[in-house]
Amino acid sequence: MADMRAFRDEVCGWAAGGPGGAARDLAVRLGVRTAVLLEGPSDLAAVEALAARGSRDLAAEGVCVVSMGGAMSIGRYAGLLGPPGLGLRLAGLCDEGEQRFYDRGLKRARVPLRGFFVCVADLEDELIRALGTARVEEIVRAEGDFRAWQTFLCQPAQHDRPRQQQLRRFFGTKKGRKIRYGRLLVDALAPEQTPAPLHDLLTSL
């Protein structure tokens with residue numbers, strides 16, 4: 001049975017230069033109405049985890065969450081999925097430092113900016129600030145990563161960095177860690193702790 005993951009895979013292949021026929025067909029068959037464009041897989045993991053916590057089935061709502069593999073791909077994806085292409089409503093998150101790429105790419109694709117929300121630094125930074133560094137370190141310990149975390153803190157480059165920046169950097173030092181902790185940090189949030197960009201994105205869908 002065709003599912004939203006198949007559509008997402010076809011979209012990524014299309015954006016990489018492949019044919020778009022299968023993506024077009026699946027969009028119709030699945031009733032896709034909205035595409036959420038995110039920079040990377042850790043953002044996707046966090047968004048899907050928060051939706052699941054709210055008992056929302058985004059796929060059943062016609063919402064496809066897409067990891068683009070970097071902010072500079074926004075123009076390509078917006079052109080394929082937005083008004084010039086499939087005509088889907090677009091939404092998403094971007095890092096503060098990458099906002100210029102989103103502004104240019106969305107303008108070129110004639111996509112309104114109102115569905116896109118900006119994270120200070122990035123989504124991991126938002127989640128760490130929301131939970132507090134002590135709580136995040138508790139999660140790191142519970143996941144069995146505390147020894148690796150202590151070793152990381154001994155690196156000279158980390159000595160003068162604030163704890164929040166150290167944690168953010170630690171999550172990016174091993175493949176798959178940002179994705180895993182993206183889900184874990186979201187699961188640890190109390191409802192009132194949800195970072196504004198993440199809350200506003202889900203509310204807008």
Side-chain angles (χ1 to χ4, degrees), residues 1-52 56-119 122-124 171-184 186 197-198 201-202 204-205:
M1 180 185 294
D3 60 17
M4 201 63 80
R5 181 170 295 180
F7 173 69
R8 182 163 61 202
D9 291 344
E10 290 295 338
V11 166
C12 291
W14 189 15
R24 292 180 182 276
D25 291 344
L26 282 169
V28 174
R29 290 167 57 190
L30 296 172
V32 182
R33 60 176 182 82
T34 300
V36 179
L37 303 181
L38 304 172
E39 292 185 34
S42 61
D43 300 324
L44 186 151
V47 168
E48 291 192 332
L50 186 61
R56 292 187 62 179
D57 184 342
L58 294 181
E61 296 176 26
V63 177
C64 181
V65 185
V66 179
S67 168
M68 301 183 296
M72 288 184 286
S73 297
I74 184 65
R76 176 68 172 159
Y77 278 85
L80 296 178
L81 300 177
L86 298 186
L88 303 179
R89 174 179 175 258
L90 301 184
L93 294 172
C94 72
D95 298 347
E96 190 175 51
E98 313 294 352
Q99 188 175 0
R100 65 191 186 280
F101 298 117
Y102 274 62
D103 290 345
R104 288 200 297 266
L106 295 174
K107 182 177 180 180
R108 189 165 62 246
R110 305 191 304 279
V111 174
L113 296 174
R114 63 179 177 270
F116 289 81
F117 304 92
V118 180
C119 297
D122 55 23
L123 186 53
E124 287 78 25
F171 291 150
T173 57
K174 182 179 179 180
K175 184 177 181 181
R177 185 177 280 159
K178 284 179 69 173
I179 298 172
R180 179 162 61 98
Y181 277 96
R183 296 191 183 98
L184 289 168
V186 165
L198 198 51
L201 173 64
L202 268 294
S204 74
L205 299 178

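In this chain, residues are counted from 1 in sequence order. Bear in mind that the values here come from a model prediction, so they are computed numbers and not experimental data. Any value given below was found using the heavy atoms of this structure, including those in side chains, with hydrogens, waters and symmetry copies removed.
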Only one of V32, V63, V111, L80 passes side-chain contact (heavy atoms from CB on, under 4.5 Å) with L88, and that residue is V32

CZ on R108 to CD1 on I74, rounded to 0.5 Å | 10.0 Å

Find the distance between CG (D43) and CG (D95) and round it off to the nearest 0.5 Å.
-> 6.5 Å

Are side-chain heavy atoms of L38 and V36 found at a separation under 4.5 Å?
-> yes

Side-chain (Y102) to main-chain (L93) donor-acceptor, under 3.5 angstrom | yes

Could you walk me through whether R89 and S204 pass the side chain to side chain contact (heavy atoms under 4.5 Å, CB included) check?
-> CA-CA 11 Å; R89 174 179 175 258; S204 74; 3.8 Å; yes

Heavy-atom nearest pair, R33 first then L205, reads NH2-C, 4.1 Å

F116/L201 under side chain to side chain contact (heavy atoms under 4.5 Å, CB included): CA gap, chis, key distance, verdict = CA-CA 7 Å; F116 289 81; L201 173 64; over 6 Å; no

Does any N or O in the side chain of R8 come within less than 3.5 Å of the main-chain N or O of V65, such that one atom is a donor and the other an acceptor?
-> yes

What distance do Q99 atom CD and D103 atom CG have between them, rounded to the nearest 0.5 Å?
-> 5.0 Å

Donor-acceptor contact present, side-chain R100 to main-chain G97, <3.5 Å | yes

Going through the checks in order, is the side chain to side chain contact (heavy atoms under 4.5 Å, CB included) test met by L81 and L37?
-> CA-CA 10 Å; L81 300 177; L37 303 181; 3.9 Å; yes

Residues forming a side chain to side chain donor-acceptor pair (under 3.5 Å) with E10, sequence neighbours excluded | none

Roughly how far, to the nearest 0.5 Å, is CG of L90 from CG of L106?
-> 7.5 Å

For residues 57-75, pull every pair meeting side chain to side chain donor-acceptor pair (under 3.5 Å), keeping only residues two or more places apart or in separate chains.
-> R56-E61

Run the side chain to side chain contact (heavy atoms under 4.5 Å, CB included) check on W14 and L86 step by step: do they pass?
-> CA-CA 12 Å; W14 189 15; L86 298 186; 3.9 Å; yes

Would you say E39's side chain and M68's backbone share a donor-acceptor pair under 3.5 angstrom?
-> no

List the atom of A109, the atom of P84, and the distance in Å for their closest heavy-atom pair.
-> O-CD, 3.3 Å

Write out all pairs satisfying side chain to side chain donor-acceptor pair (under 3.5 Å) with one or both partners inside residues 171-184, taking only residues at least two apart or from two chains.
-> E143-R180, D145-R180, D145-Y181, T173-R177

Taken to the nearest 0.5 Å, the spacing of E98 CD from C119 SG works out to 11.5 Å

Check whether any side-chain heavy atom of S42 lies under 4.5 Å from a side-chain heavy atom of F171, and answer yes or no.
-> no

Compare every heavy atom of A23 with every heavy atom of F7, then report the nearest pair and how far apart it is.
-> CE1-O, 3.3 Å

Straight-line distance of L198 CG to F117 CZ, nearest 0.5 Å = 10.5 Å

